[in-house]
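Numbers here simply count residues along the sequence, with the first being 1. Everything numeric here is computed off the predicted structure, so don't read it as measured data.
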Amino acid sequence: MKKITILFTLVMLFALTATAQKTAQIKFDKTSHNFGTFSTKNPVQKCTFTFKNVGTAPLVIHQAIASCGCTVPAYTKTPIAPGASGKVDVTFNGTGRFDKHIKKVITVYTNGSPETVRLTIEGDMVEEK
């Protein structure tokens, strides 16, 4: 009976330890940005997405990939401690493009929860007359 009690206690301790794992968790202030209407004479538009690690372990952004070569993301490269903040800066360059509505997606890959987050930018580029 002692062996069963000890074995049961060890199994319960193992289960509690496994469920108490520390995890990173990313939370963005916003996941979309609208530039509104902008001129083809001013085709470069920039915005910043800020986020916070609301988890209990350091957060690492592995990669941020844009859906198009005209959109370039730059992100915090160092691990973000629990409770700390970081950012993803996005630059859209519409040079040489025709006036139209743009909508681009930036996919952010992390070690946290969720593992992927999609950020969107959009706006209307019009030819200035």
Engineer: Within a 6.0 Å radius of atom NZ on K103, are there more than 12 heavy atoms belonging to other residues, nucleotides or ligands?
Structural biologist: no
Engineer: Verify side-chain contact (heavy atoms from CB on, under 4.5 Å) between V117 and F51, making sure each step is shown before the conclusion.
Structural biologist: CA-CA 11 Å; V117 178; F51 62 87; over 6 Å; no
Engineer: Is there a path of hydrophobic side-chain contacts, each under 4.5 Å between heavy atoms of I, L, V, M, F, W or Y residues, that connects F49 with F35?
Structural biologist: yes
Engineer: Can a donor-acceptor pair be found, under 3.5 Å and without considering hydrogens, that links the side chain of T56 to the backbone of T23?
Structural biologist: yes
Engineer: Test side-chain contact (heavy atoms from CB on, under 4.5 Å) on T71 and T91; report intermediate values, then the result.
Structural biologist: CA-CA 6 Å; T71 306; T91 303; over 6 Å; no
Engineer: How long is the span from the CG atom in D124 to the OG1 atom in T37, to the nearest 0.5 Å?
Structural biologist: 5.0 Å
Engineer: With rounding to the nearest 0.5 Å, note down the distance linking OG1 in T50 to NZ in K27.
Structural biologist: 10.5 Å
Engineer: Test your reading of the model: is there a side-chain donor-acceptor pair from N53 to the backbone of I26, 3.5 Å cut-off?
Structural biologist: no
Engineer: As an exercise, state the distance from CD of Q45 to OG of S39, rounded to the nearest 0.5 Å.
Structural biologist: 9.5 Å
Engineer: According to ring-ring contact (aromatic ring centres under 6.0 Å, His included), does anything in residues 62-96 pair up with another residue at least two apart or in another chain? List the pairs.
Structural biologist: none
Engineer: Nearest 0.5 Å, what's the OG1-CG distance between T120 and N34?
Structural biologist: 9.0 Å
Engineer: Establish whether I80 and F28 are linked, either directly or via other cluster members, by ILVMFWY side-chain heavy-atom contacts under 4.5 Å.
Structural biologist: yes
Engineer: Which heavy atom of A64 sits nearest to which heavy atom of P73, and what is that distance?
Structural biologist: O-CG, 3.4 Å
Engineer: Kindly compute the distance separating CD1 (I102) from SG (C68), expressed to the nearest 0.5 Å.
Structural biologist: 9.0 Å
Engineer: Should we count NZ of K52 as having more than 12 external heavy atoms under 6.0 Å?
Structural biologist: no
Engineer: If you take all heavy atoms of P82 and P58, which pair is closest and at what distance?
Structural biologist: CD-N, 4.1 Å
Engineer: Using ring-ring contact (aromatic ring centres under 6.0 Å, His included) as the criterion, list what pairs up with Y109, not counting sequence neighbours.
Structural biologist: none
Engineer: Judged by atom type as modelled, is there a donor-acceptor pair below 3.5 Å linking the side chain of H101 to the main-chain atoms of M125?
Structural biologist: no
Engineer: Among the clusters formed by ILVMFWY side chains lying less than 4.5 Å apart, do V60 and I106 turn up in the same one?
Structural biologist: no
Engineer: Show the nearest heavy-atom pair for residues A24 and A57, with the distance to one decimal.
Structural biologist: CB-O, 3.5 Å
Engineer: Would you mind reporting whether V126 and T40 have side-chain heavy atoms less than 4.5 Å apart?
Structural biologist: no
Engineer: Could you check L119 against V108 for side-chain contact (heavy atoms from CB on, under 4.5 Å), going step by step and ending with a plain yes or no?
Structural biologist: CA-CA 8 Å; L119 308 173; V108 179; 3.8 Å; yes
